[in-house]
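Accompanying notes for the structure given below.
Whatever order the structure lists them in is the order used to number ligands and atoms, beginning at 1. When reading the values below, keep in mind they use all heavy atoms of this one structure, side chains included, and skip hydrogens, waters and symmetry mates. Counting from 1, the numbers follow the sequence of the chain as shown.
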Amino acid sequence: METCNVDGRMEIGDLNQMEESKFMMTFANVVEKCPEAAAFLLTHRPYMNANEVFSSLERFFYSLSTEDKTKILNLYPDLTAADKDMTKDSLHEHIKSGLTKINEHTRSSFEELNTLYREKFGFPFIMCVTGNDPEKILSSLQKRLRNDVESELNADLHEVKKISRIRLSNLIAV
Ligand SMILES: NC(=O)N[C@H]1NC(=O)NC1=O
């Protein structure tokens with residue numbers, strides 16, 4: 001029988017024992033819509049503790065080519081995208097940061113700058129919105145638009161790592 005922490009997060013033993021298809025489903029969105037990340041975590045079992053799982057996720061990112069990284073970035077929804085275009089995790093993160101409650105003027109600013117960002121870099125603007133508010137997020141989008149593509153590939157990936165770490169820590173007891 002699986003043992004859960006009081007807050008519903010799984011213990012490391014359960015993660016190690018979990019049946020493969022259930023594991024793939026549970027970890028499917030740690031990196032947005034990216035089963036390859038779940039498969040990487042699966043094949044590197046068993047883990048001694050949660051930190052080893054976090055390190056494994058780091059190694060997954062490290063193993064990616066620039067092309068793979070760009071593909072992964074393109075799996076993320078635009079900030080302020082329609083609810084129907086977001087995974088449950090993304091929507092939850094949007095709601096918590098207040099991005100689903102912005103006024104029409106702020107929404108148009110996000111849409112306009114998101115489009116400019118995509119046109120300039122070829123991938124969406126990504127920021128870990130947990131712990132941030134719409135004003136800070138919009139100002140970061142404005143600033144980052146001035147960067148070059150290499151800096152933004154790195155900045156976007158850094159944010160993806162932060163998002164993944166939070167999603168992972170919501171699943172496993174630390
Ligand atoms: N585009 C983008 O940043 N998306 C995201 N950010 C976040 O915290 N969750 C997401 O899905």
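Counting heavy atoms under 4.0 Å from ligand 1, residue Ile126 touches it through both backbone and side chain. For Glu93, every heavy-atom contact with ligand 1 shorter than 4.0 Å involves the side chain, none the backbone. Contacts between Arg167 and ligand 1 below 4.0 angstrom, taking non-hydrogen atoms only, involve the side chain exclusively.
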Subject >> Stepwise side-chain hydrogen bond (donor to acceptor under 3.5 Å, both in side chains) check, Ser21 with Glu19 >> reply: CA-CA 6 Å; Ser21 61; Glu19 193 268 314; 2.7 Å; yes
**OP:** Start with the C-alpha distance between Leu15 and Leu41, add both sets of side-chain angles, then the distance that settles side-chain contact (heavy atoms from CB on, under 4.5 Å), and finish with yes or no.
**Re:** CA-CA 10 Å; Leu15 180 149; Leu41 294 179; over 6 Å; no
**OP:** Could you give me the CA-CA distance, side-chain angles and deciding distance for Leu141 and Met127, then say whether side-chain contact (heavy atoms from CB on, under 4.5 Å) is met?
**Re:** CA-CA 9 Å; Leu141 173 49; Met127 178 169 175; over 6 Å; no
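Remark: Asp156 engages Arg144 in a salt bridge, criterion side-chain N to carboxylate O under 4.0 Å.
In terms of hydrophobic clustering, with Ile, Leu, Val, Met, Phe, Trp and Tyr side chains grouped at heavy-atom distances under 4.5 Å, Tyr117 and Met86 are assigned to different clusters.
Protein heavy atom at the shortest distance from atom 1 (N) of ligand 1 is Pro77 O, 2.7 Å. Of all protein heavy atoms, the one lying nearest to atom 2 (C) of ligand 1 is Leu79 CD2, 3.4 Å. The protein heavy atom nearest to atom 11 (O) of ligand 1 is Ser90 OG, 2.6 Å. Nearest protein neighbour of atom 8 (O) of ligand 1, counting heavy atoms only, is Val129 N, 2.9 Å.
By the 4.0 Å heavy-atom criterion, Cys128 is counted among the residues contacting ligand 1.
Looking at Ser90 and Tyr76, their side chains never bring a donor and an acceptor atom within 3.5 Å of each other.
At least one donor-acceptor pair closer than 3.5 Å links the side chain of Arg167 to the backbone N or O of Asn29.
Here's the thing with Met127: one of its N/O atoms is less than 3.5 angstrom from an N/O atom of ligand 1. Of the N or O atoms in Ile163, none lie within a sub-3.5 Å distance of an N or O in ligand 1.
Taking every non-hydrogen atom of Phe125 and a distance limit under 4.0 Å, the qualifying atoms of ligand 1 come out as 1 (N), 2 (C), 3 (O).
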